[in-house]
Amino acid sequence: MAIIEILLLSLAESYVLVHFSYLSVVAKSTVTQYVIGFPALAITQGLAYTVYHWLIYPHFISPLRKLPEPKAPSFWNGHGKQIVSARTGDAQKGWMKTVPNDGLIYYKGLLNRERVMPTNPKLLAEVLTSQSYIFVKPQFFRFSLRLLGNGILMAEGDEHKRQRKILIPAFHPRHLRSLFPLFWTKTREMVDLITAEIQASDAPDPIVDFNSWGSRCTLDIIGKAGAGIDFNAMKDPENDLFKIYQKVFTPTTGQLWIGILNLIMPLWFMHNLPLKSVREVTRAKHYIMDVCLDMIRTKRAQMAEKKPMHPDILSIMIEEGSFSDEEMQNQLMTFMAAGHETTAAAVSWSVWELARRPEVAERLRTEIRAAIPVFDSDSITMEQIESIRYLRNFTNEVLRFHPPVPVTIREAERDTTLNGEFIPKGTTIMLLPAAINHSEELWGSDAGEFNPDRWDKPGGNGGAASNYANMTFLMGPRSCIGQKFSVEEYKAIMVGLAGRFAYEEKTKDMELSIRAGITQRPTHEGGLPLRTRIVPGW
Ligand code: HEM
C-alpha cells in the first residue's frame, strides 16, 4: 500500500467529514475544512500504517516470526546493524552456524524488513527450481539493477522462458568454442599493455591497478562477443563507456541511502527522486541505451551488406528474428553489464589471492607454462587451457570463495509454502552465495579455507553435499546463462595474468574496503593496487 492508497483513503474520509459537517466545529469554510482535515487524516493514517508495518506486524503478527531467528534483534531495526556493519553475507554466514534450523532462517533487515533465507539444498532447489516463477524478482531488484535494461534478467514466467529459449544458442558450447580466439586475443592485448606499463616505470615493483584492467578487458570482450564492436577500453582508460560503468558500479554512501528508501517507497517515487546519484544513473542508462541502439543499427547495416563477420550474440538475435529492436536493445544492456563487471570481480579476487599466496601463484604459473610453453601465440586452444588441472581448481575455488554476486533477492508473488511452512505473498527471500558457499554443513569443516585442492576430490564438485551448495551462478531456470562463457573467458585471462606476472600487496596485509554493491570485489584506495613483476622466461 501505501502512499497513494493512504492519500485516496484520506481524501474519501475528509469528503465524508466535510459533507456531514463533522469538521464545521474546526472551521466554517469548506475549503479550510479540507485544508485541515485532509493532511491531518493522511498524516495520522500514514503514521499508523508505518508503525504497524515497521513494529507491530513483524514482532507480533507475522506468521514468519515462528521460524528460527538469530539472537539479539533490535526492536527498531531488527538485525539491520549486524548486516550492514559486516561484509555482505558475513552476518548470514555466522547465523548458518549458530541458528539451529530446518533449511529456513528468518531475520529482520533494516527497519525490521522481514527476510527468509533458505540454507539447505532442498529449500534452495524449491526456490530456484520447482517454484522459480513463484519467487520472482522484486521491485528492489528492478530499481537497483535498472542499468541492466529490461531484458531476460527481469522477465518472468512464460516471457522469461521465451527469451531464454531464443538466447540459449548464443551460449551453446559450439559458439563458445568459436569465441575462444577472442578471449585469447584480448588476454594477450592486456598482458602486453601491462608489461609495457611495468617496463615504462622506474619503480622496482611498479603498482598496477587490477580492478581497472579487469573491468576494461572484460568490457572489451563483451563488446566484441556481444555485438562485434571493440570499445577499446584497454587502450583508452578514459573511454566514456568504461568511465560510466565505473562510476555507477562503485558503491557510495548516497547509494546506500537510496537503497534504504527503495525498501519502503514505490517505484515511481524512486525513479523521480530529485537526487544527484539517481540522475546520474538515469543519464548513464540513456547513454548505454544509445550505445546499444547504435550497435543494432551498425549490425543490421553490416548484415544487409553481407559483410563477413564473426557470429556474436546480437547477430544471433537478429537472425533468429523474434526480438524487436527495443527488446534487443534491452538484452544488450543486460549482457554488457551482467557480462563484464561479474567476471572482472572474479579476476580481481584472483590476483589478490595470488598476491597473498605465493605458493599457489608459483604452482599455477608452473602448470600454465608447462601446458602453454609459448604465450605469444595465436594457436592456443580452449582444450590446452582446459587441460591445466590446477587452473581448473583455482578457478572453481575463487568462484566458490569469492562469489562476485554475493547476494540476490526474490519475492513470493503469491501465498505458498516452503518445507511445509506458510510463506505469505510478498515475503522477501534472500539468496546468499556469500553464505551458502561457505557453509560447513555443505562443504565440510574446512569450508572457510581457501583451498584449490578440494576440487581434486572425487565427484568433481569440491566435496560439496549437493550442486546447490555452490550458488555462484545460482541454479535452475534462472541461473546465469553466461556461466560457461564467463568461466572460459576468466580462464584465458588468468592464464595470461598468472603466467606472466608475480604480485604483492601494495602494503603488507593491506586493508580492503569491501562495500555492498551489485558485485563485490576487493578494493583499496579506490582500486586494487598490487606490486607487479614480470616473471622472465614466458
Ligand atoms: C563470474 C561471472 C559471473 C557471475 C558470478 C554471474 C552470476 C550470475 C547470477 C548469480 C545470476 C542470477 C541473478 C539473479 O537471478 O538474481 C546471473 C544471471 C545472469 N547472468 Fe551472469 N554471472 C557471470 C557472468 C555472466 C556473463 C559473462 C554473462 C553474459 C555474457 C552473464 C549473463 C547473465 C544473464 C543474462 C543472467 C540472467 C539469466 C536469466 O534470468 O535467465 N553473466 N549471473
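Order of listing sets the numbers, starting from 1, for every ligand and every atom in it. Counting begins at 1 with the first residue of the sequence. All of these numbers come straight from a predicted model, not from anything done at the bench.
Taking distance alone, with nitrogen or oxygen atoms compared against 3.5 Å, Thr472 stays at or beyond that limit from ligand 1. Close N/O approach between Thr334 and ligand 1 is not found [any backbone or side-chain N/O within under 3.5 Å]. For ligand 1, one of its N or O atoms has an N or O atom of Arg164 under 3.5 Å away. For ligand 1, the polar-atom distance check finds no N/O of Glu489 at less than 3.5 Å from any of the ligand's N/O atoms.
A ring-centre distance under 6.0 Å is not found for Tyr245 and Phe231. The aromatic ring centroids of Tyr503 and Phe210 lie less than 6.0 Å from each other. Proximity of the aromatic rings of Trp268 and Phe143 is defined here by a centroid distance below 6.0 angstrom, and this criterion is not met.
Classified by interplanar angle (parallel below 30°, tilted 30° to 60°, perpendicular above 60°), the ring pair Phe394/Phe450 is perpendicular. Aromatic ring pairs are classed by plane angle as parallel below 30°, tilted from 30° to 60° and perpendicular above 60°; the pair Trp349 and His402 is parallel.
Ranking the protein heavy atoms by distance from atom 4 (C) of ligand 1 puts Phe473 CE2, 3.4 Å first. Looking only at protein heavy atoms, the nearest one to atom 16 (O) of ligand 1 is Thr408 OG1, 2.5 Å. Protein heavy atom in closest approach to atom 34 (C) of ligand 1: Ile481 CG2, 3.7 Å. Counting only heavy atoms of the protein, atom 24 (C) of ligand 1 lies nearest to Thr342 OG1, 3.3 Å. In terms of protein heavy-atom proximity, atom 12 (C) of ligand 1 is nearest to Leu474 CD1, 3.7 Å.
The salt bridge (charged side-chain N to carboxylate O under 4.0 Å, His left out) with Glu156 is formed by just one residue from the set Lys137, Arg410, Arg142, Lys161; it is Arg142. Checking each of Lys484, Arg177, Lys491 against Glu386 for a salt bridge (charged side-chain N to carboxylate O under 4.0 Å, His left out) leaves exactly one that passes, namely Lys491.
Applying the 4.0 Å criterion to heavy atoms of Phe171 picks out, from ligand 1, the atoms 30 (C). Distances below 4.0 Å separate heavy atoms of Phe335 from the following atoms of ligand 1: 29 (C), 35 (C). Each of the following atoms of ligand 1 lies closer than 4.0 Å to a heavy atom of Ile222: 30 (C). Atoms of ligand 1 found under 4.0 Å from any heavy atom of Phe141 (numbered from 1 in listed order, with element): 16 (O).
Within the 4.0 Å heavy-atom cutoff, Gln331 does not count among the residues contacting ligand 1. Using a 4.0 Å heavy-atom cutoff, Gln483 is absent from the residues neighbouring ligand 1.
Within a 6.0 Å sphere centred on NZ of Lys97, other residues, nucleotides and ligands contribute 12 heavy atoms or fewer.
Residue nearest to atom 13 (C) of ligand 1, selected from Val405, Ile152, Leu153: Leu153 (by heavy-atom distance). The heavy atom nearest to atom 31 (C) of ligand 1, out of those in Cys480, Ala225, Ser486, is found in Cys480. Selection from Ala346, Ser479, Gly339 by nearest heavy atom to atom 28 (C) of ligand 1 gives Gly339. For atom 14 (C) of ligand 1, the candidate residues are Arg410, Lys161, Arg478; the nearest heavy-atom contact is made by Arg410.
Closest approach of Ser350 to Met494, counting heavy atoms only: CB-CE, 3.5 Å.
Only the side chain of His160 comes within contact range of ligand 1, with a heavy atom under 4.0 Å; no backbone atom does.
At a threshold of 4.0 Å, the pair Arg300-Asp325 counts as salt-bridged, since one of the basic side-chain nitrogens sits closer than that to a carboxylate oxygen. Comment: Asp453 engages Arg363 in a salt bridge, judged by a side-chain N to carboxylate O separation of less than 4.0 angstrom. The pair Arg521-Glu341 counts as a salt bridge, with a side-chain nitrogen and a carboxylate oxygen less than 4.0 angstrom apart.
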